[in-house]
Engineer: 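Below are the structure tokens for one structure; questions will follow.
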Number of protein chains: 2
Amino acid sequence: MILIDYKDSRPIYEQIFDKLRLLILNGALKADEKMPSVRTMAMELSINPNTIQRSYSELERQGYIYTVKGRGNFVSDIGKLREEYRKEIFNRLDEVCASAGNAGITGEELIEHIRGGGKQ
Amino acid sequence: MILIDYKDSRPIYEQIFDKLRLLILNGALKADEKMPSVRTMAMELSINPNTIQRSYSELERQGYIYTVKGRGNFVSDIGKLREEYRKEIFNRLDEVCASAGNAGITGEELIEHIRGGGKQ
DNA sequence: TAAGTGTACTAGCTCACCTAGTACACTTAA
DNA sequence: TTAAGTGTACTAGGTGAGCTAGTACACTTA
């Protein structure tokens, strides 16, 4: 379900957060579906339950999941969050455009790259 | 010349590296121009000389500047490096495209954003 | 000779990240 | 009722990155 990249400089809890968020956003995890328990996922990934807990806390804080004490964590019914994520993507795109501009790369070149061989 | 953003989670030496590299790439610092000395820049930015040294070392390692002991650091005559940087930009663009795809955003939407209000 | 330069150390501090362990309230199923 | 599984909240400690402080030395230039 999830793979940790120890060569990645980003912290583990953040990697897990990102991957779970993506699974929720693209529908692989559906609304009201039960998430793996903190302890279960910690066992599977061979890391500390506290680290998973931290990922889950952030997912809950941002509204991607909700918690029922004693039962578990469940996927939220997303809505506005999709729009939030879209904004995040476009912000990242803006940053790339800005860097490109400083390097003398035109918008048309970026567009050509997207149309051409760019991974999509 | 340079401003450190302490709200930025990225390390200081990396911020300085990025900004100096950009000044070199866009021609604000020209070939064979003398860079500020390690100690001078450390004074100006009120940080430790070792931190500047680390930025300079990385700039030299990647070929953006060259060092003459006892005299100082000087801007290299770039060439291949511009192409390297272009690749880096396009790689970042590819990552955005990949994230966009996972979120259901099409390439055309990204293009529209670049053409429209995207910062350039 | 003195000032300025890069460079290379050692030492220590702080903080983020992660692990280990314990404890407690809750829910569910046997 | 009981046992197992759940989230949650602690404390304690290890590790490493990042940064500072200080010192030292070889080099260049005025």
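Each chain gets a letter, A, B and so on, in the order its sequence line appears, and its residues count up from 1.
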Engineer: Hey, does the side chain of Ser55(A) reach the backbone of Tyr13(A) with a donor-acceptor pair shorter than 3.5 angstrom?
Structural biologist: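 It does hold such a pair.
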Engineer: Would you say that Ile89(A) contacts Val96(B) through its side chain, given a criterion of any heavy-atom pair below 4.5 Å between the two side chains?
Structural biologist: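 Ile89(A) vs Val96(B): side chains touch.
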Engineer: Should Ser57(B) and Gln53(B) count as side-chain neighbours, where that means a heavy-atom distance under 4.5 Å?
Structural biologist: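 Yes. Closest side-chain heavy atoms under 4.5 Å.
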Engineer: Which of these nucleotides, dG18(D), dT19(C), dT20(D), is closest to any side-chain atom of Asn48(A)?
Structural biologist: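 Shortest atom-to-atom distance from the side chain points to dT19(C).
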Engineer: With both distances under 3.5 Å as the test, what is the Watson-Crick or G-U wobble partner of dA17(D)?
Structural biologist: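 Its partner is dT14(C) (Watson-Crick or G-U wobble, both distances under 3.5 Å).
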Engineer: Hey, is the side chain of Thr67(A) poking within less than 4.0 Å of OP1 or OP2 on dT8(D), counting only N and O atoms?
Structural biologist: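 Result: yes.
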Engineer: Counting side-chain heavy atoms from C-beta on, which of dT19(C), dC19(D), dT20(D) comes nearest to Ile47(A)?
Structural biologist: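 The listed nucleotide nearest to Ile47(A)'s side chain is dT19(C).
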Engineer: Now, which nucleotide makes the Watson-Crick or G-U wobble pair with dT7(C), with each of the two distances under 3.5 Å?
Structural biologist: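 For dT7(C), the partner nucleotide comes out as dA24(D), under the 3.5 Å rule.
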Engineer: Expressed in angstrom and rounded to an integer, what is the separation of Glu60(A) atom CD from dG7(D) atom C1'?
Structural biologist: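 About 10 Å, once rounded to whole Å.
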Engineer: Should Met41(B) and Tyr6(B) be counted in the same cluster of Ile, Leu, Val, Met, Phe, Trp and Tyr side chains packed under 4.5 Å apart?
Structural biologist: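 In one cluster with Met41(B): Tyr6(B), yes.
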Engineer: Whole angstroms only, please: what is the CD-P distance between Gln53(B) and dC9(C)?
Structural biologist: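 To the nearest whole Å, that distance equals 12 Å.
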Engineer: Contact class for Asn50(B) vs. all strands (heavy atom < 4.0 Å): base, sugar-phosphate, or nothing?
Structural biologist: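 Result for Asn50(B) = base.
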Engineer: For dC17(C) and Thr51(A) - does any side-chain N or O of the residue sit under 4.0 Å from the phosphate oxygens OP1/OP2?
Structural biologist: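 Answer no for this pair, as no side-chain N or O of Thr51(A) is under 4.0 Å from OP1 or OP2.
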Engineer: Can you check the Met43(B) CE to dG4(C) P distance for me, whole Å?
Structural biologist: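 In whole Å, dG4(C) P lies 11 Å from Met43(B) CE.
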Engineer: If I take atom CZ in residue Arg61(B) and atom P in nucleotide dT7(C), what distance separates them, rounded to the nearest angstrom?
Structural biologist: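 Interatomic distance, CZ of Arg61(B) to P of dT7(C): 15 Å.
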Engineer: Quick check on DNA chain C: between Val68(B) and Ser46(A), whose nearest nucleotide comes earlier from the 5' end?
Structural biologist: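 Whichever sits nearer the 5' end wins; that is Val68(B).
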Engineer: Measure the distance from CZ on Arg10(A) to C1' on dA16(C) and round it to the nearest whole Å.
Structural biologist: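 Roughly 15 Å, once rounded to whole Å.
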Engineer: Nearest to the Val38(B) side chain among dT6(D), dC19(D), dG6(C), which nucleotide is it?
Structural biologist: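 Closest of the options to the side chain of Val38(B): dG6(C).
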Engineer: What is the distance, rounded to the nearest whole Å, between atom CD of Glu58(B) and atom C1' of dG6(C)?
Structural biologist: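 So the two atoms are 17 Å apart, to the nearest Å.
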Engineer: Both Arg39(B) and Pro49(B) contact DNA chain D. Which one's nearest nucleotide lies toward the 5' end?
Structural biologist: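 Checking each residue's closest nucleotide, the 5'-ward one belongs to Pro49(B).
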Engineer: dT29(D) pairs with which nucleotide, Watson-Crick or G-U wobble, both distances below 3.5 Å?
Structural biologist: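 Checking every strand shown, dT29(D) finds its partner in dA2(C), with both distances under 3.5 Å.
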Engineer: OP1 or OP2 of dC18(C) less than 4.0 angstrom from a side-chain nitrogen or oxygen of Tyr13(A), does that happen here?
Structural biologist: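 Result: no.
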Engineer: Tell me the interatomic distance from Tyr66(A), atom OH, to dG7(D), atom P, rounded to whole angstroms.
Structural biologist: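 Going from OH in Tyr66(A) over to P in dG7(D) covers 13 Å.
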Engineer: Do the non-hydrogen side-chain atoms of Leu93(B) and Leu110(B) ever get within less than 4.5 Å of each other?
Structural biologist: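 Sidechains of Leu110(B) and Leu93(B): no contact.
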Engineer: I'd like to know if Arg86(A) and Glu83(A) make a salt bridge, using a cut-off of under 4.0 Å between side-chain N and carboxylate O.
Structural biologist: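 Here Arg86(A) pairs with Glu83(A) in a salt bridge, since their nearest N and O are under 4.0 Å apart.
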Engineer: Measure from NZ on Lys69(B) to C1' on dA8(C) and round the result to the nearest Å.
Structural biologist: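 Spelled out: NZ on Lys69(B) to C1' on dA8(C) is 9 Å.
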Engineer: Does Tyr56(B) place a side-chain N or O at less than 4.0 Å from the phosphate oxygens OP1/OP2 of dG6(C)?
Structural biologist: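 For dG6(C), OP1/OP2 do not have a side-chain N/O of Tyr56(B) under 4.0 Å.
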Engineer: Is there a side-chain contact between Arg71(A) and the phosphate of dT28(C), meaning an N or O under 4.0 Å from OP1 or OP2?
Structural biologist: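 Answer is yes, contact under 4.0 Å.
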